[in-house]
Amino acid sequence: MRAVSACAVALVLAAAARPAPLVAALQAFVLTSSPDSFADLQAHVGAVAVVYPTYWECAVPGGSVLGAPAPALDAYAVSHAIAELPRFTCQDGATVHRILTDRVVRARTLARLLTLAAGSGYAGLNLDLENDGARDRRSFSSFAAALAAGLHAERRRLAVDVVGVQREDPRHATYLYDDRALVAVADTVFVMAWGVHWERSAPGPDAPLSYVRAVARRLAALPHARRFVIGVPLYGLDWPGRGGRAQPATALQYSGVAALASAVGAVPARDPGSGEMTFDYARRGVVHHVWFTDARAVAQRIAIAHRYGLGAGVWRLGEEDQALWGAPGV
């Protein structure tokens, strides 16, 4: 008889013990270092079914799990029947590699995450590992499978965060994420459908409509497509000059963008190609380029997710155009 790998066993156990699916409603990250994020949840609690509070992160370079929960948020989630899956994030690529491939660190991290997920009435855990690379694709998938198996055995859920791509490319760092394998074991795969332009890139839209449609179309064609959630960014970016490594952009909340536009006398306009808002202004002889999502832009991306039978989520509560909450379909 052919030997069965540990990864295959974990896949079977994760599938067999899977708890009931989450409600198909808006999912949202809550940045616990910013009080406005929890306040925003309280203001719009009826529109949010799942929250991912940013509780835990990795120590660099050792990989130990650091952080602490917010008891007030935990109690609020329980009292309002919100599914709470706290996030564990590690965004240092070398440390992610160590967590995934060093046997001792891997086992220690899995055990610690399972212990943390067992507390305070949590619905499960959100796993956010970034900036590693294609070399660890299989290790990432097997780590997620083992974590899912442990969580499912305790009737808890796993959400895995991945970068949204229009097509898989083994030459690119995003090949770390095997969407087909991850969605087979996780209850939710939260797809960060943004980052076409970023802090250290040239200025431009963060999540153009054409890109979001392509990402959604690809995911909808995969097995277990209803477990995918299209993530929508709520922030804006302000690039000085042409942007790039020498002059990185500054991230702004919608309220900050609105205040900035008013202060410099700019009138934001909708870019017809991307569907995002943009304006330029000058300060101390340097031209700045601002791109951001308003309520209409966010609602359009949520509508794309729903059109393809996918879930929708946002990063993060507290950053958004408050008109979003009156938009159709939100």
Side-chain angles (χ1 to χ4, degrees), residues 19-56 69-89 117 120-128 156-162 164 186-194 207 212 216 226-235 253-255 293-330:
L22 292 168
V23 177
L26 193 65
Q27 306 189 15
F29 283 86
V30 177
L31 185 62
T32 51
S33 60
S34 296
D36 68 312
S37 199
F38 182 25
D40 200 44
L41 171 64
Q42 294 170 298
H44 307 293
V45 62
V48 179
V50 182
V51 292
Y52 303 118
T54 57
Y55 284 171
W56 299 303
L73 175 54
D74 291 345
Y76 187 83
V78 169
S79 65
H80 289 79
I82 302 170
E84 185 184 13
L85 290 80
R87 181 182 74 156
F88 167 67
T89 187
S120 301
Y122 297 146
L125 191 78
N126 174 277
L127 179 67
D128 180 16
R156 285 177 169 80
R157 305 176 175 94
L158 174 65
V160 180
D161 302 339
V162 305
D187 303 275
T188 300
V189 175
F190 189 101
V191 182
M192 295 178 282
W194 61 74
V212 176
R226 293 186 65 84
R227 297 178 194 164
F228 288 111
V229 172
I230 292 289
V232 183
L234 302 181
Y235 57 87
Q253 296 182 193
Y254 181 83
S255 59
T293 52
D294 64 349
R296 175 178 167 185
V298 174
Q300 285 177 322
R301 285 147 182 79
I302 291 174
I304 290 171
H306 292 163
R307 191 174 305 131
Y308 281 92
L310 311 173
V314 295
W315 172 271
R316 62 159 175 94
L317 291 179
E319 290 188 318
E320 75 279 11
D321 175 359
Q322 291 298 313
L324 173 66
W325 304 106
V330 178

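Only a predicted model underlies this, so the values are computations on that prediction, with no experimental measurement involved.
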Partner set under side chain to side chain contact (heavy atoms under 4.5 Å, CB included) for Val78, not counting sequence neighbours
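By the side chain to side chain contact (heavy atoms under 4.5 Å, CB included) rule, Val78 matches no residue at all.
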
Ala159: partners by side chain to side chain contact (heavy atoms under 4.5 Å, CB included), with sequence neighbours left out
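Ala159 satisfies side chain to side chain contact (heavy atoms under 4.5 Å, CB included) with Tyr52, Leu85, Asn126, Thr188 only.
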
Are the side chains of [Y] and [X] in contact, using a 4.5 Å heavy-atom criterion?
X: Leu234; Y: Val298; result: yes
X: Val48; Y: Val50; result: no
X: Ile302; Y: Ile304; result: no
X: Tyr308; Y: Ile230; result: no
X: Met192; Y: Asp128; result: yes
X: Phe190; Y: Phe29; result: yes
X: Asp161; Y: Arg87; result: yes

Can you list the steps and then say if Tyr122 with Arg157 is a side-chain contact (heavy atoms from CB on, under 4.5 Å)?
CA-CA 9 Å; Tyr122 297 146; Arg157 305 176 175 94; over 6 Å; no

Whether the side chain of [X] engages the backbone of [Y] through a donor-acceptor N/O pair (distance < 3.5 Å, no angle test) should be reported.
X: Asp321; Y: Leu324; answer: no
X: Ser37; Y: Thr32; answer: no
X: Thr293; Y: Pro233; answer: yes

Atom [atom1] of [X] and atom [atom2] of [Y]: how far apart are they, to the nearest 0.5 Å?
X: Arg307; Y: Gln300; atom1: CZ; atom2: CD; result: 9.0 Å
X: Asp74; Y: Ile82; atom1: CG; atom2: CD1; result: 11.0 Å
X: Leu317; Y: Asp36; atom1: CG; atom2: CG; result: 9.5 Å
X: Leu127; Y: Phe88; atom1: CG; atom2: CZ; result: 7.5 Å

Could you tell me if Gln322 and His44 have a donor-acceptor pair between their side chains, going purely by distance under 3.5 Å?
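Yes, because at least one side-chain N or O of His44 sits under 3.5 Å from a partner of the opposite role on Gln322.
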
Closer than 4.0 angstrom, basic N to acidic O: yes or no for Arg156 and Asp187?
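Salt bridge absent between Arg156 and Asp187.
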
Does Val51 form a side-chain contact (heavy atoms from CB on, under 4.5 Å) with Leu41? I'd like the steps, not just the answer.
CA-CA 9 Å; Val51 292; Leu41 171 64; 3.8 Å; yes

[X] versus [Y], closest heavy-atom pair with distance:
X: Gly311; Y: Ala305; result: O-CB, 3.3 Å
X: Glu84; Y: Ala77; result: OE1-CB, 3.7 Å
X: Tyr55; Y: Pro86; result: CD1-CB, 3.6 Å
X: Arg227; Y: Ala186; result: CD-O, 3.5 Å

Applying side-chain hydrogen bond (donor to acceptor under 3.5 Å, both in side chains) between Glu320 and each of Trp325, Tyr254, Tyr235, Trp315, report the one that passes.
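It is Trp325, the one option of Trp325, Tyr254, Tyr235, Trp315 that forms the side-chain hydrogen bond (donor to acceptor under 3.5 Å, both in side chains) with Glu320.
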
My understanding is that only residues two or more places apart in sequence, or in another chain, count here; which of them pass ring pair (Phe, Tyr, Trp, His ring centres under 6.0 Å) with Phe38?
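Phe38 satisfies ring pair (Phe, Tyr, Trp, His ring centres under 6.0 Å) with Tyr76 once adjacent residues are dropped.
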
List the steps and the verdict of side-chain contact (heavy atoms from CB on, under 4.5 Å) for Asp40 and Glu319.
CA-CA 9 Å; Asp40 200 44; Glu319 290 188 318; over 6 Å; no

Please step through side-chain contact (heavy atoms from CB on, under 4.5 Å) for the pair Gln27 and Val229, ending with a clear verdict.
CA-CA 8 Å; Gln27 306 189 15; Val229 172; 3.6 Å; yes

